> 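Below: one structure in structure tokens.
Chain identifiers are assigned alphabetically (A, B, ...) following the order of the sequence lines, protein sequences preceding nucleic acid strands; residue numbering begins at 1 within each chain. In this text, all values refer to a predicted model and were calculated from it rather than measured experimentally.
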Amino acid sequence: MALRIWASSTANALRLSSATRPHFSPLSRCFSSVLDGLKYANSHEWVKHEGSVATIGITDHAQDHLGEVVFVDLPDTGGSVAKATGFGAVESVKATSDINSPISGEIVEVNTKLSDTPGLINSSPYEDGWMIKVKPSNPSELESLMGAKEYTKFCEEEDAAH
Amino acid sequence: MIVASYSCLSYLIPPWPIRSNSGRRNTSRRAAVSQITSAESNPLVQQTNIRRCNCYDMYKEVIPFSEAWSWQKSIVEKRKTLIDINEDCSDTLIVLQHQPVYTLGTASSENNLNFDIKDPPLPLYQTERGGEVTYHGPGQLLLYPIMNLRFQKMDLHWYMRALEEVVIRVLSSTFSLKASRVDGLTGVWVGDKKLAAIGIRVSKWLTYHGLALNVSTDLSPFSRIIPCGIKDRGVGSIKELLRESNGLSSTSGYHDDNDDDGKLIDIAHESLLKEFCEVFQLELCHQSVSILRSPDK
């Protein structure tokens with residue numbers, strides 16, 4: 001255990017002088033924003049529930065890890081999403097990643113701006129970078145998601161472990 | 001990346017981080033590490049828990065793209081089920097060559113095709129991987145790792161750099177070719193020629209698709225595309241570069257080279273597997289390819 005703690009602090013020290021290691025993920029992951037009032041999934045999507053509609057996107061932590069998003073693949077309006085199941089994909093660094101829906105429901109609106117400006121996900125992950133709006137079919141699913149404090153701690157633990 | 005050795009502080013830190021064993025969630029037993037011979041000799045590599053990787057090795061076979069794609073997707077679905085019940089005990093690696101084919105990634109642009117997409121000169125597949133158009137064909141070794149990044153590092157950038165590192169080590173240690181990365185251009189380069197292309201898909205931290213290394217590939221099909229969307233650089237192969245460094249023209253005696261091509265592929269294959277195991281700290285467990293081909297797989 002002591003060795004691991006030593007190694008961890010050494011790694012942090014080395015990362016701080018990572019000018020010669022351009023391929024590390026940016027340090028800004030430690031300071032990603034997490035908004036109050038949203039709910040979060042452990043796959044790094046957020047949900048904003050307002051009345052009968054829930055807006056879904058990926059978090060600042062997620063976009064920061066991905067790097068520059070070059071492409072977003074979103075479903076059509078009228079389709080449905082299921083909790084913890086993929087509904088689309090984002091491409092960055094020649095890697096395309098699934099986006100999973102935190103809740104189940106019917107897709108009532110899709111952010112069409114993302115096809116021309118996928119970078120909105122990076123610059124404004126909680127506002128202009130929203131992905132889909134869903135009519136929740138099972139609002140109780142929201143209760144099993146994390147709040148802001150819990151999600152912040154989750155990110156810290158996940159980053160510390162890697 | 002963490003190296004739990006006091007000696008690391010006195011080394012020039014390599015651009016490639018050596019993976020640590022912190023954050024491991026799998027309590028895999030310490031298996032025999034005969035494949036990881038360099039761990040004993042390299043003080044920068046900590047003896048870690050070695051994860052098992054089932055290997056379907058068809059490196060001399062030329063497989064249709066659609067078949068290999070279907071195998072990958074099937075394995076990914078099975079692995080996701082195992083992940084959900086916390087029983088994902090092994091990674092997977094498929095090694096093979098493809099029949100001539102062009103493949104596109106999720107964001108691929110038609111502008112990078114020098115032919116009509118509706119009338120391609122070779123089979124053309126729109127896939128779910130990242131990256132632009134590329135060519136696959138005989139003489140090119142494909143590595144399709146299906147890796148659970150929860151047992152490595154949950155960082156796509158890291159994973160791409162790791163795949164590049166495998167090839168960089170193969171090219172330098174086995175072929176004495178000075179290979180490098182180019183910032184912003186994923187892949188492995190020798191000079192301004194790309195020898196290995198990379199494009200992956202990630203789903204719940206499970207990766208698939210992978211990398212393609214030109215060993216003795218006929219490079220002419222690349223002229224019908226703008227490979228990976230990069231206009232001002234070319235594509236190369238190990239064979240071509242070795243010939244150049246030996247002062248031979250790239251087109252001399254092609255028909256006499258089949259034996260040499262076979263040997264190059266053999267050597268490259270062996271080196272790829274060795275470096276793959278080293279970079280990802282895996283132990284390969286070779287599986288019968290009939291498992292992939294049987295209907296009830």
> Would you say A/E127 has more than 12 foreign heavy atoms packed within less than 6.0 Å of its CD?
no
> Please flag which part of A/L66 lies under 4.5 Å from any non-hydrogen atom of chain B: side chain, backbone, both or neither.
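Both parts, backbone and side chain.
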> Mind listing the closest non-hydrogen atom pair of B/L156 and A/A95 along with its distance?
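Taking B/L156 first and A/A95 second, the nearest heavy atoms are CD1-CB, 4.0 Å.
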> Mind ranking A/G86, A/P118, A/S97 by heavy-atom pairs under 4.5 Å with chain B and telling me who comes out on top?
A/S97
> What I'd like to find out is whether the side chain of B/T106 reaches to under 4.5 Å of the side chain of A/T96, using heavy atoms alone.
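A side-chain contact exists here, since the closest heavy-atom pair is under 4.5 Å.
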> What is the distance from atom CZ of A/F71 to atom OG of B/S109, rounded to the nearest 0.5 Å?
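Those atoms lie 11.5 Å apart.
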> For residues B/M154 and A/H65, report the shortest heavy-atom separation together with the two atoms involved.
O-CD2, 4.1 Å
> With a 4.5 Å cut-off on heavy-atom pairs, point out which of B/H209, B/E128, B/K204 contacts chain A the most.
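Between B/H209, B/E128, B/K204, the count favours B/K204.
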> If you tally heavy-atom pairs under 4.5 Å against chain A, which of B/T186, B/I198, B/T207, B/I200 wins?
B/I200
> Within the supplied structure, the quantity of interest is the number of heavy atoms (other residues, nucleotides, ligands) at a distance under 6.0 Å from A/K135 NZ; does it exceed 12?
no
> Does atom NZ of B/K178 have more than 12 heavy-atom neighbours from other groups under 6.0 Å away?
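Not more than 12 within 6.0 Å, no.
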> Looking at every non-hydrogen atom in both residues, tell me the closest pair between B/R201 and A/A89 and how far apart they are.
NH2-CB, 3.4 Å
> With a 4.5 angstrom heavy-atom cut-off, which part of B/R129 approaches chain A: side chain, backbone, both or neither?
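For B/R129, the backbone is the part near chain A, not the side chain.
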> So what's closer than 4.5 Å to chain B heavy atoms on A/N100: side chain, backbone, both or neither?
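For A/N100, side-chain heavy atoms alone lie under 4.5 Å from chain B.
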